[in-house]
Amino acid sequence: MNTKATATSKTTEARACACGTCHEAVSAKATYRPGHDARHVSYLLQGLVNSYADGQPVTKALINGMAKELPSEPLRAKFLRAADRLVAKETEAAKAKADAAKEAKAA
Ligand SMILES: [Zn+2]
């Protein structure tokens, strides 16, 4: 008889919440702790805000690359919409700053 112990390969490895900020475990079926999908989107947006603050270039490719970290299409869409608004705001702010500098020089 085969007395080989049936190695119950139980994958007890807990998966971490995908938001990237809480590092809490989630069940095998879940990707996020409740509400942390929104948190993941804000976390990525904060990365863009930080890039602007550091004077790093924020490109469409960067934004699209970040969107790929999100596990679902609705979340990616949500992130891309928010990123668009952020880029518009930052572009406007940069333009206003440049205009102010120009005026200061002209005066
Ligand atoms: Zn989380």
Side-chain angles (χ1 to χ4, degrees):
M1 267 293 163
N2 189 356
T3 51
K4 200 161 63 177
T6 46
T8 45
S9 56
K10 237 192 284 174
T11 44
T12 44
E13 211 173 299
R15 286 165 3 110
C17 172
C19 76
T21 60
C22 73
H23 307 294
E24 286 178 56
V26 291
S27 73
K29 274 186 225 157
T31 306
Y32 293 110
R33 308 277 304 173
H36 285 209
D37 49 348
R39 197 158 146 166
H40 195 179
V41 171
S42 341
Y43 176 66
L44 293 180
L45 283 171
Q46 189 56 48
L48 289 180
V49 170
N50 291 345
S51 293
Y52 275 116
D54 293 346
Q56 284 166 2
V58 174
T59 61
K60 198 79 193 160
L62 174 76
I63 292 169
N64 286 337
M66 288 170 107
K68 282 191 189 123
E69 290 181 33
L70 294 162
S72 75
E73 197 50 54
L75 272 182
R76 282 193 285 273
K78 186 177 173 183
F79 170 70
L80 289 173
R81 273 197 308 273
D84 273 351
R85 278 198 299 274
L86 178 71
V87 169
K89 200 180 105 193
E90 292 289 343
T91 305
E92 197 59 40
K95 194 171 163 284
K97 209 171 153 189
D99 285 351
K102 227 185 274 171
E103 271 168 42
K105 222 184 250 178

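The residues of the chain are indexed from 1 along the displayed sequence. Only heavy atoms go into these numbers, but all of them, side chains included; no hydrogens, no water, no symmetry mates.
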Strictly by side-chain hydrogen bond (donor to acceptor under 3.5 Å, both in side chains), give each pair with a member in residues 69-80 just once, sequence neighbours left out.
Glu73-Arg76
Walk me through whether Ile63 and Val87 qualify under side-chain contact (heavy atoms from CB on, under 4.5 Å).
CA-CA 10 Å; Ile63 292 169; Val87 169; 3.7 Å; yes
Please list all pairs passing the side-chain hydrogen bond (donor to acceptor under 3.5 Å, both in side chains) test where one or both residues lie in residues 79-107, with sequence neighbours left out.
Lys60-Asp84
Can I get a per-line list of side-chain donor-acceptor pairs under 3.5 Å for residues 35-56, giving both atom names and the distance, sequence neighbours left out?
unit_1, atom_1, unit_2, atom_2, d
His36, NE2, Arg39, NH1, 3.3
Arg39, NE, Thr21, OG1, 2.9
Arg39, NH2, Thr21, OG1, 3.4
His40, ND1, Ala18, O, 3.2
His40, ND1, Tyr32, OH, 2.7
Ser42, OG, Ala38, O, 2.8
Gln46, NE2, Asn50, OD1, 3.1
Asn50, ND2, Gln46, O, 3.4
Ser51, OG, Gly47, O, 3.1

If you take all heavy atoms of Ala67 and Leu80, which pair is closest and at what distance?
CB-CD2, 4.0 Å
Given side chains that start at C-beta, do those of Asn64 and Thr59 come closer than 4.5 Å, heavy atoms only?
no
